[in-house]
Structures are given as C-alpha cells and as structure tokens.
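Below: one structure, written as structure tokens.
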Amino acid sequence: MKITIVCVGKIKEKFYVDAIAEYSKRLGRYCSLSVVEVKDEKTKEQATDTEIAMIKEREGERILKNIREDGYVIALAIDGKLLDSVELSQKIEKLGLGGTSHIYFVIGGSLGLSDSVLRKADYQLSFSRMTFPHQLMRVVLLEQIYRSYRIMNHEPYHK
C-alpha cells in the first residue's frame with residue numbers, strides 16, 4: 001500500500017520534525033509513505049470571509065495538483081466521521097483488500113480545506129470536534145496510521 005499525506009505548510013519545530021521522522025521510519029516496514037507539503041498562504045489578522053475563501057481555494061488547488069485520480073482520498077475535516085483506532089485500521093485494511101493501492105490523507109492549513117478538496121475526498125475523517133494545529137495533526141495522523149498497521153498485523157502496541 002502507498003500512503004501519501006498531502007498537507008499545507010512546512011514543519012519548522014524540531015520536536016514535530018523528530019516525531020514525524022520517527023513514525024515515518026516505523027511505517028516503512030508496513031507501507032510506502034510519502035509526505036507532500038504544499039505552500040501555505042499568508043493570512044492577515046482580520047481577513048474577510050471572501051479573503052479566507054480565496055486563501056483556502058489557492059491552497060486547495062495546490063493540494064489537488066498532488067492527488068492522482070487512481071487514489072482514495074481521505075480528508076481530515078472537523079465535520080468528518082469520528083473513528084476509533086480499530087475502525088481506522090479496518091478502513092485501511094478494507095481499502096487494501098478491495099484493491100485500493102494508494103491512499104491520500106489530506107491535512108489543510110490553519111483555515112481548513114477548500115470546498116473543492118472536500119468534494120474530491122472519498123471520505124472525511126475527524127479526529128475530534130476540537131481544532132488542532134495542522135503541524136500537530138500530522139504527527140497524530142502518522143501515529144494513528146502506524147497504530148492501524150500494528151492492529152492489522154495483530155502486533156502489540158500500547159493502549
């Protein structure tokens with residue numbers, strides 16, 4: 001299985017970089033993982049709704065350029081479906097058994113995802129109704145993908 005995480009913005013904080021590197025290394029034995037970072041747009045403090053929509057759309061265009069038609073797209077969205085770790089592992093496993101060879105996970109920028117990206121998504125996944133920094137969500141997503149593979153392979157992993 002090939003998994004690509006398409007995300008907005010670069011990670012600058014060393015602790016995030018280290019955590020991402022660790023989970024990427026761990027996942028290497030289970031799947032082919034790649035992370036694609038697209039440029040984020042600067043947002044002024046008091047941006048209007050129109051400006052916010054334009055920013056999300058520009059970031060969305062960059063995201064969509066990195067998603068091939070043959071992949072299954074899972075967008076991280078606050079209004080998406082809440083799954084527990086076992087359900088996520090079952091989702092990934094079912095996709096693989098069903099012939100899906102490439103899953104894209106999409107993480108938006110600080111303003112979220114554009115409507116065009118949400119429409120492109122085959123599935124919308126929520127980790128919580130709370131808002132998290134997109135840098136942290138990259139770490140959490142990688143950890144959950146790793147946990148999913150451990151569950152699929154009946155391997156121990158702390159709870």
Side-chain angles (χ1 to χ4, degrees), residues 1-41 55-128 131-153 155 157:
M1 172 79 66
K2 180 167 177 53
I3 293 183
T4 301
I5 297 174
V6 182
C7 41
V8 175
K10 293 199 178 296
I11 302 288
K12 298 172 185 86
E13 297 87 353
K14 183 177 179 346
F15 58 94
Y16 287 138
V17 171
D18 291 346
I20 289 165
E22 178 62 27
Y23 283 112
S24 297
K25 181 179 85 175
R26 290 182 187 190
L27 278 164
R29 63 183 282 227
Y30 299 106
C31 65
S32 171
L33 175 73
S34 61
V35 176
V36 176
E37 296 177 334
V38 301
K39 183 183 178 301
D40 58 338
E41 291 286 321
I55 288 168
K56 286 169 50 173
E57 199 54 44
R58 282 194 291 267
E59 290 174 349
E61 289 169 6
R62 293 183 192 121
I63 289 168
L64 293 173
K65 285 180 185 173
N66 288 282
I67 297 174
R68 292 180 36 177
E69 289 300 318
D70 61 347
Y72 187 89
V73 180
I74 299 175
L76 272 61
I78 201 162
D79 293 326
K81 182 144 172 66
L82 289 164
L83 300 178
D84 64 27
S85 296
V86 171
E87 290 169 326
L88 179 60
S89 74
Q90 291 168 340
K91 175 93 177 144
I92 293 170
E93 185 173 37
K94 184 178 176 185
L95 286 168
L97 293 173
T100 298
S101 61
H102 195 164
I103 300 173
Y104 291 90
F105 286 91
V106 181
I107 303 172
S110 60
L111 300 174
L113 292 168
S114 68
D115 289 341
S116 59
V117 172
L118 293 173
R119 281 192 303 274
K120 173 72 174 169
D122 297 295
Y123 192 83
Q124 292 183 29
L125 175 65
S126 176
F127 278 79
S128 172
T131 302
F132 295 102
H134 56 282
Q135 302 92 327
L136 178 60
M137 276 316 304
R138 198 178 313 181
V139 175
V140 172
L141 174 61
L142 284 167
E143 189 279 334
Q144 284 298 301
I145 295 169
Y146 174 68
R147 185 181 294 268
S148 292
Y149 277 103
R150 298 291 291 192
I151 292 168
M152 279 184 253
N153 288 286
E155 297 169 350
Y157 193 63

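Computation of the quantities below employed the complete heavy-atom set of this structure, encompassing side-chain atoms and omitting hydrogens, waters and symmetry-equivalent molecules. One is the number of the first residue; the rest follow in order along the sequence.
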(message) For a quick test of reading the model, state the closest non-hydrogen atom pair linking Arg138 to Val8 and the distance between them.
(response) NH2-O, 4.5 Å

(message) Can you confirm whether Phe105 sits close enough to Val6 that some side-chain heavy atom of one is under 4.5 Å from a side-chain heavy atom of the other?
(response) no

(request) Check Leu111 against Lys56 and note the closest heavy-atom contact, atom names and distance. (result) O-CD, 3.5 Å

(request) Specify the closest pair of heavy atoms between Leu113 and Leu76, including all atoms of both residues, with the distance to one decimal. (result) CD1-O, 3.4 Å

(message) Holding to salt bridge (charged side-chain N to carboxylate O under 4.0 Å, His left out), I want the full list of residues that pass it with Lys94, two or more places apart in sequence or in another chain.
(response) none

(message) Under a 3.5 Å distance rule, please check whether Asn153 uses its side chain to pair with a backbone N or O of Glu155 as donor and acceptor.
(response) no

(request) Describe, in one word, how the ring planes of Tyr146 and Tyr23 are oriented to each other, choosing from parallel (under 30°), tilted (30 to 60°) and perpendicular (over 60°). (result) tilted

(message) Would you say the rings of Tyr104 and His102 are close, in the sense that their centroids are separated by under 6.0 Å?
(response) yes

(request) Would you check if there is a donor-acceptor pair between the side chains of Glu57 and Ser116 at a distance under 3.5 Å? (result) yes

(message) Under a 3.5 Å cutoff, is there a donor and acceptor pairing between the side chains of Lys91 and Tyr72?
(response) yes

(request) Compare all side-chain heavy atoms of Lys81 with those of Leu125 and state whether any distance is below 4.5 angstrom. (result) no

(request) Under the side chain to side chain donor-acceptor pair (under 3.5 Å) rule, collect the residues that match up with Arg62, sequence neighbours excluded. (result) Glu41

